[in-house]
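Here's a structure for you.
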There are 2 protein chains.
Amino acid sequence: MLPIMSRNPEEPVYNRIEEARVALGLSRQDLADKAGVHYQTIGYLEREEYSPSLVLAIRIAKSLNQEVSELFSLTPFKKGK
Amino acid sequence: MLPIMSRNPEEPVYNRIEEARVALGLSRQDLADKAGVHYQTIGYLEREEYSPSLVLAIRIAKSLNQEVSELFSLTPFKKGK
DNA sequence: ATGCTATGTAGCATTAATGCAACATCTAGG
DNA sequence: CCTAGATGTTGCATTAATGCTACATAGCAT
């Protein structure tokens with residue numbers, strides 16, 4: 001019900017966490033361990049039920065060998081690629 | 001007294017907001033307006049009293065024509081450049 | 001001196017982000 | 001069939017991030 005409010009209403013954050021995670025053959029638990037967060041948190045982020053803090057975003061990007069800008073965006077990602 | 005806790009203790013986030021802002025000749029109020037936040041929030045961030053949410057970081061970076069990774073880092077920036 | 005702008009500081013209120021626990025579902029293997 | 005792993009769902013508690021207000025200070029004009 002509650003969309004993604006980050007901290008300021010009406011501004012969701014799109015991400016490719018699941019895509020990148022699966023591509024590396026990692027489970028959510030695996031990624032959560034690498035990023036140092038609860039595995040449920042990864043689930044919430046993948047479902048875009050809320051947007052991460054900057055530190056979390058950086059740690060997740062690092063865990064997935066991606067740039068923050070490649071994983072997160074204020075505008076929707078196009079599928080594939 | 002309270003350091004930068006972001007959301008997980010012991011992990012500050014360093015930034016170059018002030019440096020980039022001044023380089024553009026903007027006041028905190030100016031930047032706050034462009035990023036759509038309270039001007040005090042910019043002050044808190046520049047003093048690194050807390051770290052921003054991902055959306056805020058992205059919006060600030062955009063307002064300063066910088067990449068998120070150029071403005072924020074988990075490790076301290078070297079001075080100049 | 002007066003005023004204006006930029007900034008620092010402090011406090012208070014609200015809420016989203018995170019941790020965590022419990023349970024359900026589904027699938028793949030044995 | 002049964003079990004284990006991965007994921008979804010719900011709910012509760014804690015706290016940092018943000019908004020906002022007010023006041024102090026310092027500098028720079030006029």
Side-chain angles (χ1 to χ4, degrees), chain A residues 1-64 68-69 71-74, chain B residues 1-64 68-69 71-74:
Chain A
M1 195 148 293
L2 342 165
I4 324 87
M5 306 292 259
S6 69
R7 186 63 65 170
N8 81 311
E10 344 289 339
E11 183 128 32
V13 178
Y14 303 91
N15 73 75
R16 280 175 163 167
I17 297 178
E18 181 167 28
E19 183 180 336
R21 172 178 64 79
V22 172
L24 292 181
L26 299 174
S27 69
R28 288 183 181 171
Q29 182 67 67
D30 294 332
L31 175 55
D33 291 341
K34 296 187 72 172
V37 292
H38 195 88
Y39 82 100
Q40 299 286 38
T41 297
I42 302 296
Y44 282 121
L45 295 179
E46 290 189 352
R47 282 176 249 122
E48 291 176 343
E49 289 184 28
Y50 59 59
S51 69
S53 62
L54 176 60
V55 265
L56 220 199
I58 293 178
R59 284 202 253 108
I60 289 178
K62 188 169 302 183
S63 299
L64 295 172
V68 171
S69 55
L71 267 188
F72 303 93
S73 170
L74 295 186
Chain B
M1 195 149 293
L2 342 164
I4 324 86
M5 306 292 261
S6 69
R7 184 63 66 172
N8 84 310
E10 345 288 340
E11 183 128 34
V13 179
Y14 303 91
N15 73 75
R16 281 175 162 167
I17 297 178
E18 181 168 26
E19 182 180 336
R21 172 178 63 79
V22 172
L24 292 181
L26 299 174
S27 69
R28 288 183 181 170
Q29 183 67 67
D30 294 332
L31 175 55
D33 290 341
K34 295 186 74 172
V37 292
H38 196 89
Y39 82 100
Q40 298 286 37
T41 296
I42 302 296
Y44 283 121
L45 294 178
E46 290 189 352
R47 281 175 250 122
E48 290 175 344
E49 288 184 29
Y50 59 59
S51 69
S53 63
L54 177 60
V55 264
L56 219 198
I58 294 179
R59 284 203 252 108
I60 289 178
K62 188 169 304 181
S63 300
L64 294 173
V68 170
S69 55
L71 267 188
F72 303 93
S73 172
L74 295 186

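What you see is a predicted model, and the numbers here were worked out from it, not measured in a lab. Residue numbering restarts at 1 for every chain, and letters A, B, ... go by the order of the sequence lines.
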* **Cation over ring face, B:Arg47 and B:Tyr44, 6.0 Å, 45°** => yes
* Find the distance B:Ile42:CD1 to D:dG19:C1' and express it as a whole number of Å. => 13 Å
* Asked: So, is B:Arg21 close to the C:dT7 phosphate, meaning a side-chain N or O under 4.0 Å from OP1 or OP2?
  -> yes
* To do: Assign each of A:Leu45 and B:Asp30 to its nearest nucleotide of DNA chain C by heavy atoms, then name whichever residue's nucleotide is nearer the 5' end.
  => B:Asp30
* Between D:dT10 (C1') and A:Tyr50 (OH): distance, integer Å -> 14 Å
* Return yes if some donor-acceptor pair links the side-chain N/O of B:Asn15 with the main-chain N/O of B:Leu45 below 3.5 Å, else return no. => yes
* Under 3.5 Å: donor-acceptor pair, side chain of A:Thr41, backbone of A:Val37 -> no
* Distance, rounded to the nearest Å, where A:Arg47 contributes CZ and D:dT7 contributes C1' -> 7 Å
* To do: Could you check how far CD1 of A:Ile60 sits from C1' of C:dA17, rounded to whole Å?
  => 12 Å
* Phosphate OP1/OP2 of D:dG5 contacted by A:Ser27 side-chain N/O (<4.0 Å) -> no
* Should B:Leu31 and B:Leu24 be marked as a side chain to side chain contact (heavy atoms under 4.5 Å, CB included) after you check the CA-CA gap, both sets of side-chain angles, and the distance that decides it? -> CA-CA 10 Å; B:Leu31 175 55; B:Leu24 292 181; over 6 Å; no
* What is the per-nucleotide protein-contact pattern of nucleotides 20-30 of chain D, from the 5' end, where B denotes a base atom under 4.0 Å from a protein heavy atom, S denotes such proximity for sugar-phosphate atoms only, and - denotes neither? -> BBB--------
* Rounded to whole angstrom units, what separation is found between the CG atom of A:Asp33 and the P atom of D:dA6? -> 11 Å
* To the nearest angstrom, how far is A:Ile17 atom CD1 from C:dT18 atom C1'? -> 14 Å
* Taking only side-chain nitrogens and oxygens of B:Ser53, does any of them come within less than 4.0 Å of OP1 or OP2 of D:dT18? -> yes
* Nearest-Å distance, CD (B:Glu49) to P (C:dT7)? -> 15 Å
* Nearest-Å distance, CD (A:Glu48) to P (D:dT9)? -> 14 Å
* Asked: Under the side chain to side chain contact (heavy atoms under 4.5 Å, CB included) test, which residues partner A:Tyr39, sequence neighbours left out?
  -> A:Gln29, A:Ala32
* For B:Gln40, all residues meeting side-chain hydrogen bond (donor to acceptor under 3.5 Å, both in side chains), sequence neighbours excluded -> none
* Kindly say whether B:Leu71 contributes a backbone atom to a donor-acceptor pair with the side chain of B:Arg16 at under 3.5 angstrom? => no
* Check whether any side-chain N or O of A:Thr41 sits under 4.0 Å from OP1 or OP2 of C:dG19, and answer yes or no. => yes
